[in-house]
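Working notes, structure below.
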Number of protein chains: 2
Amino acid sequence: MADFPSPMGTASVTADLVVLTVQDNELRVLLVRRGIEPHRGAWALPGGFVLADEDLDAAAVRELREETGLTAPVGHLEQLASYGAPGRDPRGRVVTVAYLALLPHLPAPVAGSDAEGAAWVALPVGELAFDHARILADGVERARAKLEYSPLATAFCPPEFTITELREVYETVWDARLDPRNFHRKVTSTPGFVEPVGRSVAADRGRPAQLFRRGPTHLLHPPMLRPTP
Amino acid sequence: MADFPSPMGTASVTADLVVLTVQDNELRVLLVRRGIEPHRGAWALPGGFVLADEDLDAAAVRELREETGLTAPVGHLEQLASYGAPGRDPRGRVVTVAYLALLPHLPAPVAGSDAEGAAWVALPVGELAFDHARILADGVERARAKLEYSPLATAFCPPEFTITELREVYETVWDARLDPRNFHRKVTSTPGFVEPVGRSVAADRGRPAQLFRRGPTHLLHPPMLRPTP
DNA sequence: CCCTTTTTCGTCACGCTGACGATAAGCGCC
DNA sequence: GGCGCTTATCGTCAGCGTGACGAAAAAGGG
């Protein structure tokens, strides 16, 4: 690491969020409509500046809470990547540390103080402010890849879910169809992926399905295979 | 994204490198000995401040060139993660974007202007300045994982290499022993992993080995499996 | 009760892997 | 040149996980 004084004056640092959820068999992202310039009126990823005495992860957690009203620790949050091209923000040098959040479907989002509104927008979305389209694409790609070798699909589900609900998450995020019988075998035979609750729940039609919780495993061995188109 | 003025004054942004190589069946990392405070005399990851009109990736490429003297694009370079805990640098708020580089073994490294020396240090290393021990651990873990599902082990090899050299890379990075026969079958039967050059090379003893180049694939299907200890 | 729907269990062929034997192709030495 | 040693490369075979698909179980509705 070099030393002061810095050749690059200084930069502002923001934590922006790619918050994904699955609703109505659609992959949706939380977007806010910008209330101020630049890009006033355009859709953008939620986020904000990192505070002076705040860690990057803490800033992401705070932003997520502010935008979704989340209090309990549900879903999943991880650092995605950082973006700092010189011209990406017309106001000056801004380095953005992007985070990826996977959540079960929640009530209507809350608009932040600097936004005119917030909404869950189904993918693919249209134009976004700044380089947020690229950040979103990176987040979606990360999420798609992580479903293969991690049990993170359960982050899209409520605390108790059926195998079919979990399969619909995979089918939605991957935009593919999975065989219900093979999927059921795979999920229930992978140790630590899901644990049976013991109760069942009846849908509108068909045989009632068993309820499951997410298991203790953080890595799938062997991974869930994405069908080859 | 929120707007100016920033609640967090501003921060300095550095690009630090986890440069890994394999030499003498040891995984080694490029470290510099700090010539100035803080942590003067301590080992640290190479890196430096991002310039005013410079993208993050460009800063990483420049630092890598300055520290290793690399001109041609060899090996592999990717963003690792960002670190910005408030107290991680005693001089003030510094956000570091860490990069991971995988290189074949090179001649002696070059000491930067702000370092008293540079060296390839075999893992595990001792104490490091700042939070560089954590960054290094994250980089090594990323490298170990990537060898499973990507052909990045070839980044540790010279342009032309034998299957045995490639296997020794896996064995060194994973600290495991692989069956030479099964490894040979796996590598040569995975499409696009390696391509035969057509020539052979004789070692000190034994049958001469065929030479290979890295293939066009960027993802291994199915992945190379790490042995379960 | 029969039909429909959905969940859940079984069966079977195939491909990949781990374990390991066998052969090929060099070298040094006598 | 033949022999022994070492390493590279090819073969064989059992076991496991997977894709494809049949079949039974468990509800509700006419």
Side-chain angles (χ1 to χ4, degrees), chain A residues 25 147-149 151 153 157 160-171 174 176-213 217 219-229, chain B residues 25 147-149 151 153 157 160-171 174 176-213 217 219-229:
Chain A
N25 289 330
L147 289 207
E148 295 193 49
Y149 56 91
C157 296
E160 299 187 348
F161 52 87
T162 67
I163 302 291
T164 296
E165 288 176 315
L166 186 63
R167 175 170 50 84
E168 286 171 348
V169 166
Y170 274 94
E171 292 180 334
W174 283 351
R177 296 192 195 137
L178 305 178
D179 185 284
R181 298 159 289 186
N182 292 335
F183 183 85
H184 189 281
R185 176 185 60 187
K186 170 67 177 174
V187 169
T188 55
S189 70
T190 301
F193 193 176
V194 297
E195 291 176 341
V197 169
R199 291 178 292 110
S200 294
V201 86
D204 290 5
R205 297 175 300 186
R207 173 176 172 173
Q210 238 185 315
L211 284 174
F212 291 84
R213 265 191 294 267
T217 297
L219 227 52
L220 299 185
H221 282 311
M224 183 82 58
L225 292 183
R226 210 189 312 204
T228 65
Chain B
N25 289 330
L147 289 207
E148 294 193 51
Y149 56 90
C157 296
E160 298 186 348
F161 51 88
T162 67
I163 302 290
T164 297
E165 288 177 314
L166 186 62
R167 176 170 49 85
E168 286 171 349
V169 166
Y170 273 95
E171 292 180 334
W174 283 351
R177 296 193 194 138
L178 305 177
D179 185 283
R181 298 160 290 187
N182 292 335
F183 183 85
H184 189 282
R185 175 184 62 188
K186 170 68 178 174
V187 169
T188 55
S189 70
T190 300
F193 192 175
V194 297
E195 291 176 342
V197 169
R199 292 178 291 110
S200 293
V201 90
D204 289 5
R205 297 175 300 185
R207 172 176 174 175
Q210 238 186 314
L211 284 174
F212 290 85
R213 264 191 294 266
T217 297
L219 227 52
L220 299 185
H221 282 311
M224 183 81 59
L225 292 182
R226 208 186 318 202
T228 64

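Residue numbers begin at 1 in each chain, while the letters A, B, ... track the order of the sequences. Basis for what follows: all heavy atoms, side chains included, without hydrogens, waters or symmetry-related copies.
- Counting to the nearest Å, the P atom of C:dG18 and the CZ atom of B:Arg177 are 17 Å from each other.
- At a threshold of 4.5 Å between non-hydrogen side-chain atoms, the residues B:Pro191 and B:Thr217 do not count as touching.
- Remark: A:Thr164 is not in phosphate contact with C:dT6, judged by side-chain N or O atoms under 4.0 Å from OP1 or OP2.
- Side-chain contact check for B:Leu178 versus B:Pro227: some heavy-atom pair is nearer than 4.5 Å.
- Put simply, the side chain of B:Met224 reaches to within 4.5 Å of the side chain of B:Trp174, judged on heavy atoms.
- Using a 4.0 Å cutoff to heavy atoms of chain A, the contacted part of DNA chain D runs 5' to 3' from D:dG17 to D:dA27.
- As rounded to whole Å, 18 Å separates atom P of C:dG15 from atom NE2 of B:His221.
- The distance between atom CZ of A:Arg207 and atom C1' of C:dT6, rounded to the nearest whole Å, is 9 Å.
- Note on B:Ala209: only backbone sugar-phosphate atoms sit closer than 4.0 angstrom, heavy atoms only; bases stay farther off.
- In this structure, OG1 in B:Thr188 is found 6.5 Å from CZ in B:Phe212, a value given to the nearest 0.5 Å.
- Summarising the geometry, the separation between CD on A:Gln210 and P on C:dT6 is reported as 19 Å, rounded to the nearest angstrom.
- Of the side-chain N and O atoms in A:Arg205, one or more sit less than 4.0 angstrom from OP1 or OP2 of C:dT6.
- Once rounded to the nearest 0.5 Å, the distance linking CZ of B:Phe183 with CZ of B:Arg177 reads 16.0 Å.
- Residue contacts shown for B:Thr162 are absent, as no nucleic acid heavy atom lies under 4.0 Å away.
- For the pair B:Tyr170/B:Val187, no side-chain contact is recorded, criterion being any heavy-atom separation below 4.5 Å from C-beta on.
- Taking 4.5 Å as the limit, every side-chain heavy atom of A:Lys186 sits out of range of all side-chain heavy atoms of A:Phe193.
- Comparing A:Asp179 and A:Ala203 by the nucleotide of DNA chain D that holds the closest heavy atom to each, the one mapping nearer the 5' end is A:Asp179.
- The CD1 atom of B:Ile163 sits 5.0 Å away from the NE2 atom of B:His184 when rounded to the nearest 0.5 Å.
- Following rounding to the nearest Å, A:Leu225 (CG) and C:dT17 (P) show an atom-to-atom distance of 12 Å.
- Distance, A:Leu166 CG to C:dT8 C1': 16 Å, rounded to whole Å.
- Taken from CD in A:Glu165 to CG in A:Leu211, the straight-line distance is 8.0 Å, to the nearest 0.5 Å.
- Between B:Leu178 atom CG and C:dC20 atom C1' the separation is 16 Å, expressed in whole Å.
- Across the interface with DNA chain D, nearest-nucleotide mapping of B:Ser200 and A:Pro222 shows B:Ser200 to be the residue nearer the 5′ end.
- Listed by residue number, the members of residues 181-189 of chain B with any heavy atom below 4.0 angstrom from DNA chain D are B:Arg181, B:His184, B:Arg185.
- Between B:Arg226 and B:Ala202, the residue whose closest nucleotide on DNA chain C is further toward the 5' end is B:Arg226.
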